[in-house]
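Working notes for the structure below.
This one's a predicted model, so the numbers in the text were calculated from it and none came from an experiment. Along the sequence shown, residues carry numbers from 1. All ligand and atom numbering here is 1-based and tracks the order in the structure.
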Amino acid sequence: EGRAARVEVRGKDEIGMLAAAFNAMAERRERLEELRKAMVGDVAHELRTPLSNIRGWLEAAQDGLANPDPELVSSLLEEALLLQHVINDLQDLAVADAGELRLRAEPVDVTDLLAQVATAHRGGAEAAHVTLLTRAEGRPRLVADPVRLRQALGNLVSNAVRHTPPGGTVSLLARRVGDDVVIDVTDTGSGIAPEDLPLVFERFWRVEKSRSRRSGGSGLGLPIARKLAEAHGGSLSASSVVGNGSTFTLRLPVPAHAWDRSEA
Ligand code: ADP
């Protein structure tokens, strides 16, 4: 239990090298175990918070409110939906970690894809007084899983809207760059500090340390979006200027001639 065994390294001969390799493996195993424990703690926290909110609301209802008012009901529903969201996201990540993510690839017209994502987020953007724009240069096309791409882009767009003050803009721009289709999701929001930028792809990591549920996603949106990009053989990266906004860049390879073949 706890620390893995170590062996003594005596020299630079074969036995010595074997011993060093063994120790490196033991250390890696320890690090993974620590990571796993931290993950389980985070998962427990993420599930406990909405659940204890639901419980709190229900207890309040039991104590006083004869007929629960609509506000209470919608709060309960919101927490329940968040709980479901976290559980779905965790499952997606577990499946992706196991290398079991199955893509249903088909020809995808990226212009249409952006329009679908924008339509799905139009209401949320309008409620936040954020302008949502889409633009595609040329008519970029892909062979990809459209459901998974909408999921990845949806996570980026909902983050962008959530972190953009009223009057701001979120834009989706798609274009062909070499053998890739590149989709930028750019916002005029708060931006992310340089030291925080690599961390936003960590599971459950948030800039707002309070983990306020009100501003809340699952804390898994970006790790999932990145996994989905990688499952397509692509990548997801971010750049940001504090006070100016952020750009998340989804890069997806276009398999050679795939579109032509699938149309034939
Ligand atoms: P969630 O949004 O559910 O907290 P994510 O994995 O989607 O989880 O994002 C992780 C964190 O990265 C967010 O909590 C937020 O602090 C930061 N972040 C993500 N997108 C943006 C953005 N467009 N602008 C500013 N901060 C962002």
Side-chain angles (χ1 to χ4, degrees), residues 35 38-39 41-51 53 78-94 96-97 114 117-118 120-121 124-125 127-134 148-173 183-231 235-250:
L35 215 70
M39 267 289 293
D42 283 343
V43 169
H45 174 92
E46 296 298 322
L47 298 180
R48 197 183 299 121
T49 308
L51 206 52
N53 286 342
E78 200 182 303
E79 296 294 345
L81 288 173
L82 179 63
L83 208 49
Q84 191 175 26
H85 188 79
V86 175
I87 291 168
N88 289 345
D89 282 357
L90 280 169
Q91 186 169 27
D92 278 346
L93 276 174
D97 282 345
L114 295 196
V117 173
H121 288 82
H129 301 284
V130 169
T131 306
L132 192 54
L133 301 174
T134 66
R148 293 306 194 175
L149 287 190
R150 280 200 292 273
Q151 183 183 5
L153 285 170
N155 288 353
L156 300 180
V157 171
S158 70
N159 277 348
V161 169
R162 211 174 331 127
H163 291 96
T164 300
T169 303
V170 169
S171 49
L172 286 94
L173 168 65
I183 305 172
D184 283 330
V185 179
T186 301
D187 65 63
T188 59
S190 53
I192 303 162
E195 65 272 21
D196 289 337
L197 204 52
L199 300 175
V200 297
F201 296 102
E202 301 281 329
R203 293 170 192 199
F204 298 121
W205 193 90
R206 294 189 175 100
V207 172
E208 312 80 22
K209 296 292 180 288
S210 68
R211 298 190 170 192
S212 150
R213 311 305 314 176
R214 293 294 145 232
S215 68
S218 65
L220 296 169
L222 289 176
I224 287 181
R226 179 172 264 181
K227 278 274 182 196
L228 294 175
E230 288 169 355
S235 64
L236 176 65
S237 58
S239 67
S240 188
V241 177
V242 174
N244 268 4
S246 313
T247 296
F248 285 81
T249 301
L250 187 63

What's the shortest heavy-atom distance between Lys227 and Ala96, and which atoms?
CD-CB, 3.7 Å
Return a yes/no value for Asp187: is any of its N or O atoms, backbone included, closer than 3.5 angstrom to an N or O of ligand 1?
yes
Suppose I only count heavy atoms of Gly219 and a 4.0 Å limit; which atoms of ligand 1 are within that range?
1 (P), 3 (O), 4 (O), 6 (O), 8 (O)
Can Ile192 be said to touch ligand 1, with heavy atoms closer than 4.0 Å?
yes
Are any of the N/O atoms on Phe248, whether in the backbone or the side chain, positioned under 3.5 angstrom from an N/O atom of ligand 1?
no
Does ligand 1 have any atom that is closer than 4.0 Å to a heavy atom of Arg203?
no
With a 3.5 Å distance limit and no angle check, can you tell me whether Ser240 reaches the backbone of Gly245 through a side-chain donor-acceptor pair?
yes
List ligand 1 atoms under 4.0 Å from Trp205, heavy atoms only on the residue side.
10 (C), 11 (C)
What are the two closest non-hydrogen atoms of Thr164 and Thr169, and how far apart are they?
CG2-N, 4.0 Å
Just which atoms of ligand 1 are under 4.0 Å from any heavy atom in Asn159?
2 (O), 5 (P), 7 (O), 9 (O), 19 (C), 20 (N)
Strictly below 4.0 Å, N to O, side chains only: are Asp89 and Arg203 in salt-bridge contact?
no
Out of all atoms in ligand 1, which are within 4.0 Å of some heavy atom of Pro223? Include the element for each.
6 (O)
Show me which atoms of ligand 1 lie under 4.0 Å from any heavy atom of Ser246.
24 (N)
Does any N or O in the side chain of Asp187 come within less than 3.5 Å of the main-chain N or O of Ser246, such that one atom is a donor and the other an acceptor?
yes
Shortest non-hydrogen pair, Gly168 vs Thr188, comes out as CA-OG1, 3.3 Å
So do Leu156 and Leu236 actually touch side chain to side chain, heavy atoms under 4.5 Å?
yes
